[in-house]
Chemist: 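Dropping the structure in here first, questions after.
Letters A, B, ... mirror the listed sequences (proteins, then strands); counts begin at 1.
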Amino acid sequence: MRVLMVGTSHHTAGVEFRERLALDTEGQRALVEHFRKAFPRAELVVLSTCNRTELYIAKPSHGPPTAEEVRTHLAICRGLESAGVAAATVHREQEQALGHLFRVCSGLDSMVLGEPQIIGQVRRAYETSCEQQSVGPVLHKVFQDALAIGKTVRSQTGIDAGRVSVGSIAVDFAQQVFERFDDKTVVALGAGEMAKLTLRHLVPHKPRRLWLCNRTLERAQALAQLLGITPEQGGARPLDAMDQLLVEADVLITNALSAQPIVTEARLSPLLRQRRGRPLVIIDIAVPRNVAAGVGSLRNIYLYNLDDLQRVVDETGSSRQQHVDRAEAMVRDAIAKCLHQVQHRDVGQLIKNLRQRLHDVGMAEQERTLRKLAGAPPEQAGDLVREHTHRVINKILHMPISALDQEKGDVPLGFYAAALRRLFDLDDREDSQALDAEIADTNDPSNAHENK
Amino acid sequence: MHETAVTIAISVLTLATCAASVLALLRLRINKPTPNTDGTLNTLALLCTLGTAGVFIYRETLVTQGWAPLTAHVDGLLLIATLVGATVVYLQSRARLPGVSAFALPVMAFLLLWAICASAWTLKVFNIASVYLTLHLAAVYVGSAFLALASIAGMMYLVAQRRLHDKTRVARPGRFASLESIETFIVRMSTVGFAVLTLGLVMGLVIISSHPDHYSPGWWLSPKIILSTLVWLLYALVMNVRYTSLFRGKRAAWMSIAGMVLLIATFAVATALPMGTHNPDTTQQPPHPTQETP
């Protein structure tokens, strides 16, 4: 089996494209379902967060799907142009694919280095795929190892210490407009994980009012309770109260799951008069975005999205290079170990299949020989046994010898010859040395042209 | 001799303030200003302010041969420059309004440059005839200093807001104070400046009413009076922007800058026109010690 990753992240595409590729839970389920119908022998895990949409696939070594097929499938599921998806996505195979997943889990590939949210998001993606039974033995092993290394890196390096989180940067943005928050009203649209994290950074600044607005009021109430917001300080409000909240708000944090923008120019413009020119800072950490881009051009409105946060992270720079180096080393070791185990398991399955095939050949010949022996005189038994042995050997060797005769361009003949010599211990000393020289010659890229 | 010494001293201070301005502007361009840069800038700003204050005191004690503040326009400019410099030093030392020096020091350099002109080429000595005139001059110059600070904050607000909209240089190092802080500063400076300027204008009216024969009947239509009234009205609006929905934010910043431009125009008119020399009846007043005798 080969591991393949096809996807996009904040490194390869802007928020405009990421939000078009982003999948909610239902979208993920639908994608997995279609994928399984199209490629029943492949395993799949879909990871879709605000910063990335990535498909992890384990497929037969020479079977479908290819990276292009996955891209096409993704484009069809999202209703996008295949060319656009191809331009904004990358694919990684085997070691690189594992490396990517391990780096993602370790927070090394995150927008905010070492952020802890991603490990939970990967776990949820893995569990969702498990529920849909799209995960097989290879991806089970890969994801379990990835989650384990994510934990180990965080516990054994300082990569998550002193990090700049999305929440802290969001507060930092607001502080560039407002000097203090004890006379300000903060409104959070959506009660998701990111909203919770951002509000955790804002609550210590003691905003005068903090309103949580969500489709499901119970979720907003639960979050308000979790953040320790008293009724005097604010609480949960239904989505119907959004217009009123847009008038009251000084800081708006949006993280609602919505395919269409919730706050648009048309909605906010008529409310500006009621706001009496007060500045409004909007931190849109949702993908797809909850706030239309045009809102940022309204008077005294300051709009920031995830890409802007990324820019700040880049500007702030990282003083944690030592931790990063250590984490990278740990990830490299874990990749090598996992890949070895995956390949070892693959070889085990290969041996099992080989044994089964040889057993089938043996059984077929055994039946034939027994039938012949039953009606034959005893003096022919020796000939029949010799014939049986000859036929078994021929049948077993037919396929590999045919493959050797019909040398295909992708693998040099010397490779098969060397494998046969080594696997069946056919080398004498002199032959072995000549063979080693031949293999070295074959593997040398500078001689590849001459070999052809 | 004293006047020459004053002009040379102001020239040196202007150069030093220009150097400090360049350093302050460069500081804004540097991603991570070092403590050394900040220290040098603070020291330079302090030295410029102390130097300007020293020249002001030197003029009022030695040049006028006795304590007679505000005997010419150059004194007023030195007073404004000193107050602006002192405010910058205070704000920098308390880290109250990060980035203000990049805007305030060039303004201070401009005031000193103007003071060179006022000292070397356009020196007109005021004839301080009454306590009302002293109060009028003091109030107008001190008020102008506060309004200059408001306009400096206005410029800063515009640049800070542009950065926030462009989403450039929003990381912590080298960034400005929050927009709310800058707006608060604009409002406070405008309020104090407005109050002091009101006192100055009232004193001016008292002077005019006490010497009606010195002024032509249409004195209230003179450019100086009209410009002064406009400045007064503009700052009356700026100090109340928080109670209006129309003039908050960028518009308040622009108004504070426009007010300063009008104020400079008023000073130019007051210097250029006979009506505004603060010397309505020079023939009846004893000559100033520094005034050239024909």
Chemist: Run the salt-bridge test on A:Glu328 and A:Arg103 with the 4.0 Å N-O cut-off and return the result as yes or no.
Modeler: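 Yes.
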
Chemist: For A:Leu303, is it the side chain, the backbone, both, or neither that has a heavy atom closer than 4.5 Å to a heavy atom of chain B?
Modeler: backbone

Chemist: Counting heavy-atom pairs closer than 4.5 Å to chain B, which one of A:Arg278, A:Arg273, A:Arg299 comes out on top?
Modeler: A:Arg299

Chemist: In chain order, what residues pass the salt bridge (Lys or Arg N to Asp or Glu O under 4.0 Å) check against A:Arg52, with sequence neighbours excluded?
Modeler: A:Glu54, A:Asp109

Chemist: Top residue by heavy-atom pair count (under 4.5 Å) with chain A, among B:Gly249, B:Ser181, B:Ala160?
Modeler: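 Most heavy-atom pairs under 4.5 Å with chain A: B:Ser181.
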
Chemist: Heavy-atom pairs under 4.5 Å with chain B - which of A:Gly277, A:Ser297, A:Gly296, A:Ala174 has more of them than the others?
Modeler: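 That would be A:Gly277.
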
Chemist: Between A:Phe178 and A:Tyr302 (judged by ring centroids, cut-off 6.0 Å), do the two rings come close enough to count as a pair?
Modeler: no

Chemist: Fit a plane to each ring of B:Trp114 and B:Phe110, take the angle between them on a 0 to 90° scale, and name the class: parallel (under 30°), tilted (30 to 60°) or perpendicular (over 60°).
Modeler: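 The arrangement is tilted - the two ring planes meet at 30° to 60°.
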
